[in-house]
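These figures come from a predicted structure and were not determined experimentally. Numbered from 1 within each chain, the chains take letters A, B, ... in sequence-line order.
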Amino acid sequence: MVELAQVATKTKAWACYDCGKCTATCPISRIGGAYSPRRHVLATNLRQQEEVSRNGTVYACLTCSLCDQRCPAEVGYTQLVQKLRELSFREGTEPECPHGGALQSVMRMMAKGGLQQDRLNWLTDDLKTEPEKGEVFYWTGCTMYYDAFFSEFEAASLEGTKAAIRLMNKLGVAPVVSANERCCGHDLLWNGDRKNFEALARQNVKLVAESGAELLVISCAECLRTWKVDYAPLFDGKPPRMVHITEFLVEHLPELELQPNGRRRATFQDPCRLGRHLGIYDPPRKALTAVPGIELAEMSRSGPRAMCCAGGTWSNCDRFAKQIQVGRLREARATGAEVLVTACPKCQIHFRCAMKDPNLKGEIEIEMRDVAEVVAEGLSR
Amino acid sequence: MKAVRTKPRPKRTPPKVPANWNPNIVVFACNWCSYAGADTAGVSRIQHQPHFRMIRVMCSGRIQPGFVLRAFERGADGVLVSGCHFGDCHYISGNERAVEQFEKTKNVVTLLGLEEARIRLEWISAAEGARFAQVINEFTDQVRKLGPSPLAGNGRAKE
């Protein structure tokens, strides 16, 4: 009760005047999911803990933050959901992971420690990196795990990671890429497991601090959000400057000497973490269009209105998620773009999975790439 | 295309194997072949090492990476996945799916830095009691040589 009161104050849930815009906006509610953000806000205000935890509905939220954009009272619903999940998790409610909890297990193993991961087996000699110390730290995220785990979707998350390093090398930067990096803990945090999240966070903050890096470059939209927002209370002293890879590239565009790469029309999927959570809309578009010949064709809903890939935290894959993904892919196809570019490995995994639908394949299939990959294709060889 | 490794695999200093230490092994066995194979070993009174817990599933195809990874997360030193021989699967092709799932699991386990020898996939039929005992003995010895898993401890991961 006391905790719900604190949550209501912290997220401004008390300011809700019950207009229902959040539920009217919510992608899940709109396609018929038994889920309503407004109900959670009201339950928080009325201190109805049971209503909040009931049936795990709090895990149905995509945490895409679309409702936050619309709320006239500026209630931080996404932040509210994060807190409500923590409370539910403590009572023993966990989300039903569509992958059998495999990824959560991987994260918890990393949190427990004692492992010497073999996560850099893809690092070849043409990619110049430093093992421990340097001015720039490049955060790879868990792309190598995703490629191993989602092999059936031809997930190529690592290609974006490699491309980012190639681009940084071109700018004369040999970033630190550490074998001791652990999962940023994003998904555990959004599953409500704060304890393991904090264990990971502390190790990661320490790792980057010990590298002496002043600049932390991150490709994954989720890692970036976690570092910038959720790690904030954990920094001892001055945190490094944290930027998305496209923000870094935009600062140095002329030096990249980009050449035409044969691509002409691209469309950009704003990852919810990069866009609505962090407000980074322009840098990926600038980086993309810096490649001569590439024209950006926006989808009908883009920027702050962009539709989510419907699977942010390994906790909500169902028929509603599939419907959202199919709708989004149709939008991408309608732009006439030849490639759907994104900046989050999970967007890629979820859309690639949706494209496997044997009945709709021909209607929704489109090439998918990470933004760094497309830009790196423009590097002269 | 698989990248050619140019960096050496990081080495974990092997833990000292305590004297008289016995591993904690989780065995997943399918209902129709391997579990019955274990029964055959039992009724035939074939002796084998007892340091494993057996989990019966209806088909080896059900054993997804999450199962194996959770066993390691909670401190298992080794995980054995077993099912019907090819062509003998009660559900025709469940064991083919088991191979796919196992390969995926193996890739994730090695990324985490756990030794590949801590997991094993074996086909054991209902008649192969002696083979069940042999596989268990071999695998137990193999894991014993590796020592405790770096994640082993108080059973569940620290919470």
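Of all non-hydrogen atoms in Met109(A) and Glu73(B), the two that sit nearest each other are CG-CA, 3.7 Å. Contact detail for Gly100(A) and Gln64(B): the closest heavy-atom pair is CA-NE2, 3.0 Å. Among all heavy-atom pairs drawn from Tyr145(A) and Leu111(B), the shortest one is OH-O, 3.3 Å.
The number of heavy atoms from other shown groups lying within 6.0 Å of CZ (Arg97(B)) does not exceed 12. Counting non-hydrogen atoms of other residues, nucleotides and ligands closer than 6.0 Å to CD of Glu367(A) gives a total above 12. Atom CD of Glu135(A) has 12 or fewer neighbouring heavy atoms from other residues, nucleotides or ligands inside a 6.0 Å radius. The local environment of CD in Glu96(B) is crowded, with over 12 non-hydrogen atoms from other residues, nucleotides or ligands closer than 6.0 Å. Within 6.0 Å of atom NZ in Lys145(B), 12 or fewer heavy atoms from other residues, nucleotides or ligands are found, so the atom counts as exposed in its surroundings.
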Self-check item: Audit row: Lys104(B), Glu152(A), side chain to side chain contact (heavy atoms under 4.5 Å, CB included) steps and yes/no
Solution: CA-CA 10 Å; Lys104(B) 235 164 67 159; Glu152(A) 69 268 41; 3.0 Å; yes
Exercise. Evaluate the criterion side chain to side chain contact (heavy atoms under 4.5 Å, CB included) for residue pair Leu112(B) and Met110(A); output intermediate values, then yes/no.
Key: CA-CA 8 Å; Leu112(B) 278 167; Met110(A) 287 192 205; 4.2 Å; yes
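Of all the listed residues (Asn107(B), Leu69(B), Thr105(B), Val68(B)), the one sharing the greatest number of non-hydrogen pairs under 4.5 Å with chain A is Leu69(B).
Near-neighbour residues of residues 122-131 of chain B relative to chain A, defined by a heavy atom under 4.5 Å from a heavy atom of that chain, are none.
Atom CG of Leu115(A) is separated from atom CG of Leu151(B) by 4.5 Å, given to the nearest 0.5 angstrom. In this structure, Gln117(A) CD and Thr110(B) OG1 are separated by 11.5 Å, a value rounded to the nearest 0.5 Å.
Remark: Glu373(A) pairs with Arg369(A) by the salt bridge (Lys or Arg N to Asp or Glu O under 4.0 Å) rule, at least two apart or across chains.
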